[in-house]
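Within every chain, numbering begins at 1; the chains are lettered A, B, ... in the order of the sequence lines, protein sequences first and strands thereafter.
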2 protein chains.
Amino acid sequence: MGKGKWVTMKDVADFANVGTITVSRVLRTPDKVSETKRKRVQEAIKELGYVPDNTAGALSSSKSRVFGAIVSTVNDSVFAQTLDGLSSTLRMAGYELLLTSTNYDPDVEEDALLALLARRPDGIVLTSTTHTSAVTKLLKSVRIPVVEIWQLPSAPLDIAVGFSNFQAGYDMARHLIDEGRKNIAFLGVGGAQDERGRRRRDGYINALSDVGKEPIMWPDCEQSSLYGIELGVAFIERCFITDPMIDAVMCVSDQVALGVLCEARRCGVKVPEDLAISGFGGFELAKPSGIDLTTIAVPGKEIGIATAKALLDPETARDKKVIDLGFTLIKRGTT
Amino acid sequence: MGKGKWVTMKDVADFANVGTITVSRVLRTPDKVSETKRKRVQEAIKELGYVPDNTAGALSSSKSRVFGAIVSTVNDSVFAQTLDGLSSTLRMAGYELLLTSTNYDPDVEEDALLALLARRPDGIVLTSTTHTSAVTKLLKSVRIPVVEIWQLPSAPLDIAVGFSNFQAGYDMARHLIDEGRKNIAFLGVGGAQDERGRRRRDGYINALSDVGKEPIMWPDCEQSSLYGIELGVAFIERCFITDPMIDAVMCVSDQVALGVLCEARRCGVKVPEDLAISGFGGFELAKPSGIDLTTIAVPGKEIGIATAKALLDPETARDKKVIDLGFTLIKRGTT
DNA sequence: TCAGTTTTTGGTATCGATACCATTCTTGAT
DNA sequence: ATCAAGAATGGTATCGATACCAAAAACTGA
């Protein structure tokens with residue numbers, strides 16, 4: 001313990017009395033080495049506590065065995081599931097994940113991408129599909145798989161894995177309309193950064209216009225600093241109370257919907273009689289809990305797994321280019 | 001765009017008509033290069049779209065500018081805050097974060113650590129403090145800072161940043177006792193994997209024994225596959241109903257507490273009159289929302305930032321060894 | 001037993017940057 | 001004008017692995 005330097009492959013080779021390349025082969029292609037030497041090398045590795053140096057390996061083989069991910073936030077439970085699925089699938093294949101979050105800032109994305117490329121990853125995952133021109137140029141010039149996830153761009157840079165946020169918004173609005181709701185509001189326009197949320201809102205607007213209705217969006221400007229549950233609470237206080245014609249609210253996320261639901265109950269607003277509420281994200285609570293929110297379940301983990309597969313085998317994935325994993329509208333008690 | 005290979009430092013040097021080392025210096029120590037050449041090099045970099053290769057740099061300088069993190073799960077909002085603080089602070093200093101999650105499995109931890117060390121990180125972050133002997137040996141032999149976070153081990157391997165889970169459990173139990181509760185249950189023993197939860201439970205047991213009370217723990221065995229909100233719901237159905245002496249429940253997490261709260265309301269159990277409920281994690285909802293859970297707020301983001309600082313300047317951090325960032329008991333309406 | 005294969009093994013160059021040392025160029029003081 | 005001290009610059013070795021090719025060993029069938 002506490003040796004000054006790392007044990008190198010040469011040390012192992014000398015100890016086992018073989019050439020360095022044999023040690024390399026024991027690690028990468030064991031069946032190409034005779035059993036005697038293989039065992040001797042494996043013992044030497046154990047004995048000396050050798051840990052291979054991947055930075056050196058990456059340099060000579062130009063394969064880093066690392067994938068880079070640039071996500072808008074890790075602070076989201078459904079996103080976290082994707083990361084879980086992604087990183088565990090990759091690790092099983094002997095790859096690691098270099099993670100960066102941008103907090104929805106495109107300039108940070110550019111910096112992050114440069115930092116990532118400096119590590120010569122074998123592939124890149126992005127949760128955003130709107131990039132600065134520099135980013136687009138870089139991504140196009142790079143000879144590695146680029147996977148955009150959680151949405152389906154019309155013109156993917158390379159490969160896309162996700163589902164249609166537009167369709168999700170459309171379907172949910174349609175569901176509310178079918179339930180006989182007359183004045184359906186959309187809550188959560190504020191998130192100018194969140195392009196997935198905007199797509200869902202666009203779906204909502206389209207569905208309404210298909211039946212000749214006008215959208216009601218709140219907060220009406222993007223100045224609002226409210227988000228999550230607090231935004232939901234504020235909606236009841238500041239919007240629903242002043243505009244009692246509203247009989248349904250479609251929330252940008254489950255968090256927001258939860259805020260609306262709790263505050264509605266506290267204020268004696270009957271759900272779903274007076275106000276129908278829908279969320280997004282696949283809130284895990286169901287009927288028995290008393291919080292049975294109608295929502296859209298998203299295959300978060302599956303996206304992660306499919307992304308990992310696409311990274312590991314880009315050729316196959318490129319045949320499809322856009323991999324749509326769909327979503328599920330879960331009708332529960334709040335609508 | 002679409003060039004076969006990466007642009008190398010040599011290419012930039014030739015283009016700018018300088019030596020490679022000058023290019024290197026422009027990137028790392030710009031003030032040691034004359035202004036004329038510096039500008040020429042910077043233009044060449046831009047012109048050619050040069051992205052430095054850090055794997056090569058890491059090899060020759062033995063500084064990878066990458067830190068590795070092994071977390072039990074990313075699927076936890078408070079953890080996510082730590083990761084956010086950690087990775088953004090590190091990136092500002094020009095470092096990246098290599099993230100691995102173990103899903104609470106110590107064997108995975110060992111694999112993950114080996115994979116991480118193969119990338120020769122400049123430091124390591126761990127959320128667990130119970131390791132296999134192989135892991136402990138490896139971590140001790142490594143000459144880089146090792147930071148254990150989210151708890152305070154009595155004998156840290158190197159540096160620890162966090163707060164006392166034991167104390168948090170103790171204080172919350174004490175709070176319930178002070179509120180006059182007679183039969184306080186602890187909900188969430190099942191998480192054998194979650195050592196932080198176990199510490200809090202130990203604090204609870206201690207607080208009760210200090211006043212001569214017996215602990216009530218549910219589920220009583222670890223066979224339960226329930227977790228999160230569902231566990232909270234199950235508690236009311238299966239435990240509280242059968243043992244009506246219980247007048248308080250201290251939950252291992254806010255999620256669980258939320259489940260208890262919702263189900264209690266649905267079943268007509270009065271909170272806090274019939275049942276006091278406490279959570280853990282710093283649930284962001286407060287009084288106006290109707291869900292005003294008494295909880296313990298944890299400085300998640302601060303832990304991330306402090307960890308980053310410790311990694312970047314281990315010498316200073318080692319003076320303290322254990323950095324206690326504390327926690328805050330937030331008394332709200334459920335107790 | 002031997003030529004012809006196939007498998008196993010090792011030597012050497014190489015990946016792209018930085019470290020170290022040597023050299024050249026400034027600059028200021030005498 | 002000359003020299004010393006310091007700044008700027010470049011050449012070459014090096015980091016630790018893998019690629020590529022050549023050599024040695026083992027195996028095949030006649």
Side-chain angles (χ1 to χ4, degrees), chain A residues 3-41 44-45 48-66 94 114-115 117-122 143, chain B residues 3-41 44-45 48-66 94 114-115 117-122 143:
Chain A
K3 298 187 57 193
K5 293 273 171 189
W6 292 90
V7 177
T8 76
M9 189 174 268
K10 181 92 183 14
D11 298 331
V12 176
D14 291 348
F15 189 91
N17 218 28
V18 296
T20 55
I21 191 66
T22 304
V23 178
S24 175
R25 276 196 275 257
V26 168
L27 293 167
R28 327 201 94 265
T29 51
D31 19 302
K32 290 200 168 181
V33 178
S34 69
E35 184 162 340
T36 13
K37 296 215 172 181
R38 194 193 322 151
K39 276 194 178 165
R40 219 158 72 207
V41 169
I45 288 176
L48 300 175
Y50 169 65
V51 178
D53 185 332
N54 245 304
T55 59
L59 186 57
S60 53
S61 70
S62 48
K63 273 171 205 157
S64 62
R65 309 209 129 231
V66 168
L114 283 171
L117 289 177
R119 259 103 209 178
R120 296 293 186 267
D122 292 339
R143 284 287 175 92
Chain B
K3 300 189 53 191
K5 292 275 172 186
W6 292 92
V7 176
T8 75
M9 190 174 266
K10 182 93 184 9
D11 298 331
V12 176
D14 290 349
F15 189 93
N17 217 27
V18 297
T20 56
I21 190 67
T22 303
V23 178
S24 174
R25 276 195 274 256
V26 167
L27 293 167
R28 329 201 92 264
T29 50
D31 18 302
K32 290 202 168 181
V33 179
S34 70
E35 184 161 341
T36 13
K37 297 217 172 181
R38 196 193 319 152
K39 276 194 178 165
R40 220 157 71 207
V41 169
I45 288 176
L48 299 174
Y50 169 65
V51 178
D53 185 333
N54 246 304
T55 59
L59 186 57
S60 52
S61 70
S62 48
K63 273 171 204 156
S64 62
R65 307 208 129 232
V66 169
L114 284 171
L117 288 178
R119 258 106 209 174
R120 298 293 187 266
D122 292 339
R143 282 288 176 91

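Counting only distance, with no hydrogens or angles, the side chain of A:Asp11 and the backbone of A:Thr8 share a donor-acceptor pair below 3.5 Å. Without hydrogens or angle criteria, A:Arg38 side chain to A:Val26 main chain gives no donor-acceptor distance under 3.5 Å. The closest donor-acceptor contact from the side chain of B:Arg120 to the backbone of A:Pro52 lies under 3.5 Å. Here the side chain of B:Thr20 pairs no donor or acceptor atom with the backbone of B:Met9 at under 3.5 angstrom.
At a cut-off of 3.5 angstrom, the base of C:dG16 holds no donor-acceptor pair with the side chain of A:Arg120.
Between the CG atom of A:Leu48 and the P atom of D:dG16 there is a distance of 15 Å, given to the nearest Å. In this structure, B:Asp53 atom CG and C:dC15 atom C1' are separated by 8 Å, rounded to whole Å. As a whole-Å value, the separation of A:Arg38 CZ from C:dT9 C1' is 15 Å. We find that CZ of A:Arg65 is positioned 21 Å from P of C:dC15, with the value rounded to whole Å. Atom pair B:Lys32:NZ and C:dC20:C1' shows a separation of 12 Å (rounding to whole Å applied). One can place CG of A:Asn54 at 15 Å from C1' of D:dC15, the figure rounded to the nearest angstrom. In this structure, the CD1 atom of B:Ile21 is 16 Å from the P atom of C:dG16, given to the nearest Å. Rounded to an integer number of Å, the gap from B:Glu35 CD to D:dA7 P is 17 Å.
Considering only the side chain of A:Arg28, D:dT18 comes nearest among D:dC15, C:dC20, D:dT18. The B:Ser61 side chain lies nearest to C:dA19 when the options are D:dT18, C:dT9, C:dA19. Taking only side-chain atoms of A:Met9, from C-beta outward, the nucleotide of D:dA17, C:dA17, D:dG10 with the closest atom is D:dA17. Comparing atom distances between the B:Ser34 side chain and each of C:dT18, D:dA8, D:dA17 picks out D:dA8 as nearest. Taking every side-chain heavy atom of B:Arg25 into account, D:dT9 is the closest of C:dC15, D:dC15, D:dT9.
B:Val23 comes within 4.0 angstrom of nothing in the nucleic acid, heavy atoms only.
A sub-4.0 Å separation between OP1 or OP2 of C:dG10 and a side-chain N or O of A:Lys37 is present. Distances shorter than 4.0 Å separate none of the side-chain N or O atoms of A:Ser62 from OP1 or OP2 on C:dC15. Residue A:Tyr50 has no polar side-chain atom (N or O) positioned under 4.0 Å from OP1 or OP2 of D:dG16.
Taking 4.5 Å as the limit, every side-chain heavy atom of B:Trp6 sits out of range of all side-chain heavy atoms of B:Asp53.
The residue among B:Leu59 and A:Ser24 whose nearest nucleotide of DNA chain D lies closer to the 5′ end is B:Leu59.
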